[in-house]
Every structure is written in structure tokens, then in C-alpha cells.
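Okay, structure first, notes after.
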Amino acid sequence: MPIEDIDEVFRSDDRELLEKLVREARDVTEQYFGRTMGLYAPLYISNYCRNNCVYCGFRVHAKIPREKLSMAGIDRECRALSAMGINNCLILTGESRSRSSPGYIRDAIVIAREYFSNIALEIYPLDTEEYRELYLAGADGVTIYQETYDRKRYDELHPAGPKKNYDYRLDAPDRIAQAGFRHIGLGALLGLAPWQEDVPRLFSHLRRLERIYPGVEYSLSFPRLRPTTADKRNYHEVTDRDMVKIIAMARLIFPRVGITISTRENARFRDHVIGLGVTRMSAGSSTTVGGYADGGKGCKEGQFHVHDLRTLSEIKAMLVKKGFDPVATDWRHIVNR
């Protein structure tokens with residue numbers, strides 16, 4: 001389905017059309033991915049940040065305890081997460097180059113390699129050579145969200161910090177691909193701007209990358225904004241029905257692309273959409289620094305509130321009951337060169 005056709009679908013209230021899209025998306029998902037569901041968990045190693053993104057719990061002026069794990073702390077956290085049964089991890093930091101340097105992230109990757117088959121990163125944008133260093137250390141993929149593709153809105157919501165540079169962030173996936181990474185995850189934080197405008201721009205961004213870097217595996221994620229308590233701004237509503245439209249259209253336009261659903265969403269909604277197009281979901285997640293090894297006793301301020309509190313075992317049981325095959329890893333460890 002051409003990207004140009006989605007505006008009519010996104011603005012339509014036709015229930016029969018939506019039901020048709022859902023059926024087609026289910027069929028396409030099963031055709032390309034079968035009944036498998038990849039499982040992963042985020043691993044936060046630092047929450048220091050230099051940006052003042054007004055909607056984020058990690059923003060530089062937020063009055064929260066700041067923490068950065070030592071190498072020993074990273075090892076403990078990796079060991080605890082691995083013991084839960086997770087084999088795919090997503091390493092995250094706040095966007096502070098001084099507190100979480102590329103060298104610090106590289107050393108964390110080396111430790112994580114001892115515990116996980118697949119390691120992805122969600123960090124601040126880097127230069128190509130810096131991305132290459134992290135790839136050679138053993139990272140397999142990088143996820144980076146543009147947040148919103150509306151330049152004016154982007155400028156309003158990022159009043160200070162390195163993240164204010166819209167183009168440097170927009171071009172990060174190109175640098176990631178040029179550095180040799182096998183997987184790139186893209187997304188927009190739905191609700192910052194009208195989703196009917198952001199999602200088509202996200203799709204166009206992905207289409208361009210597919211043309212230029214056809215050997216890369218791509219995935220999409222559609223997190224909904226969860227405003228922090230101190231943020232009183234008005235944002236754009238994204239309903240469950242809207243999310244179903246977005247996921248179904250993503251699957252029909254990009255049949256081979258992975259789609260991730262995070263614990264920002266509640267259990268009921270996640271259970272509902274897994275057969276619609278989702279191929280990967282987080283499980284047993286903690287969004288706090290050191291949240292696995294200390295059982296949540298340490299830094300309690302996460303980047304966002306987890307809305308699906310089920311354990312990995314509970315998620316697996318749900319998937320099996322629905323006829324899905326939970327996949328801990330579909331990667332074989334190779335040395336990046």
C-alpha cells in the first residue's frame with residue numbers, strides 16, 4: 001500500500017474499513033513472521049541528561065535523583081536481567097555525553113556481551129566513527145526516535161540542550177547504517193504533534209532509509225506520550241483506535257519490518273494488538289537505573305511509568321495461551337567487523 005494513501009485512512013471513521021485493515025494486517029503478519037513474538041527488556045545504566053525536553057522525566061531541570069552505574073553495577077544489572085530469562089537487552093542512557101560518554105557505553109556493551117545474545121542501544125546521537133566503535137564493541141542495533149517530525153513543534157518542546165539540533169538527530173539513522181549496524185529502530189513519540197501528520201513522515205523517513213541502506217533490518221515503534229506530573233502543556237490525543245490504525249497501516253506498508261510495543265501501554269491493550277502486527281514486546285521491564293539488581297529499591301524515578309507490570313513468565317504464559325511462540329533470542333552471536 002502506498003504511503004500516499006494513508007491520509008484518507010487515518011482521518012476516516014469507517015468501522016468496516018478499519019476491520020478490513022485489521023484482518024489484512026493479521027494475515028500479512030502471520031505470512032512474514034508466523035506466530036512468533038520476540039521478547040526483550042530495557043536496561044537503564046544512567047539517567048543524567050543535558051536536554052530540557054519539556055515532556056520527559058529525565059530532563060535536565062527535573063528534580064530527580066541522578067544515578068550512573070559503575071562497571072560493577074552494570075555487571076550486576078546484566079546478571080540480574082539475564083537470570084530473569086531475558087536474552088535481548090536494550091541499553092539506555094540519558095542524553096549526557098559528559099556523564100555517559102561513548103567510551104562508557106562501549107565498556108557497558110562489552111560487559112553485556114557476556115550475558116545477552118543481542119544488544120541494542122537507545123542513546124543520544126553520535127558521529128559515524130563513534131557509532132562504529134560501539135558496533136565493533138558488540139552492539140547489534142540502535143533505536144532512535146525523532147520524537148516529532150514537525151520542526152516548529154520540535155523546536156518548542158526542546159528549548160535547550162544538544163537535542164535541539166533537529167537535523168543532527170534526523171540524520172542519525174544514516175550514520176548508524178554507515179557505521180555497519182544490522183538493525184535500526186525508528187519511531188515518533190505520539191501525541192507531541194498531530195499523529196496524523198507525524199506517522200506519515202515517519203513512514204517516509206523509513207522508506208528513504210530502505211532505499212539507501214537495503215541491507216539493514218528495520219523496526220518501528222509507536223510509543224504514546226505519558227506526560228510527567230509537572231508538565232501542564234496540552235498535547236494531542238492518541239486513542240486506542242488510532243493506535244490500531246497506525247499499527248495496521250505500518251504492517252501493510254512495511255510487511256517485513258518489525259513492530260515493537262512497549263510497557264508504556266497497559267496489559268489489556270498489548271494483549272489485543274499482538275496479533276495485529278506487533279512482532280516484539282518488552283517484558284518484566286524496569287525504567288529505573290539499577291532497577292533489576294536492587295529490586296526497585298534504588299533510584300525510583302523512571303523515564304516513564306510502566307503500565308504493564310507483568311513478569312516475563314506471565315507474559316510468556318499469555319502468549320502461549322494465545323497461540324504464540326515466545327522467542328527469547330533469534331540471534332547467533334558473531335563478532336562485529
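- Shown here are the side chain to side chain contact (heavy atoms under 4.5 Å, CB included) partners of M71, two or more places apart in sequence or in another chain: I74, Y104, D107, I111.
- Residue pairs satisfying the salt bridge (charged side-chain N to carboxylate O under 4.0 Å, His left out) criterion with at least one member in residues 234-258, sequence neighbours excluded, are listed as follows: R224-D240.
- Y131 is linked by a ring-ring contact (aromatic ring centres under 6.0 Å, His included) to nothing, counting only residues two or more places apart in sequence or in another chain.
- Contacts classified as salt bridge (charged side-chain N to carboxylate O under 4.0 Å, His left out) and involving residues 68-88 (residues at least two apart or in different chains) are given here: D75-R79.
- Residues in residues 33-53 take part in these salt bridge (charged side-chain N to carboxylate O under 4.0 Å, His left out) pairs, two or more places apart or across chains: E30-R35.
- Sorted by first then second residue, the salt bridge (charged side-chain N to carboxylate O under 4.0 Å, His left out) pairs that include residues 308-324, not counting sequence neighbours, are R270-D308, D271-R310, D308-R310.
- Residues passing the side-chain hydrogen bond (donor to acceptor under 3.5 Å, both in side chains) test with D13: none are found, sequence neighbours excluded.
- Residues passing the ring-ring contact (aromatic ring centres under 6.0 Å, His included) test with F269, sequence neighbours excluded: none.
- N165 is linked by a side chain to side chain contact (heavy atoms under 4.5 Å, CB included) to D167, Y168, counting only residues two or more places apart in sequence or in another chain.
- Under the side chain to side chain contact (heavy atoms under 4.5 Å, CB included) criterion, E156 pairs with K152, R153, sequence neighbours left out.
- Applying the side chain to side chain contact (heavy atoms under 4.5 Å, CB included) criterion to R132, with sequence neighbours excluded, gives Y135, L136, A179.
- Applying the salt bridge (charged side-chain N to carboxylate O under 4.0 Å, His left out) criterion to R268, with sequence neighbours excluded, gives no partner residue.
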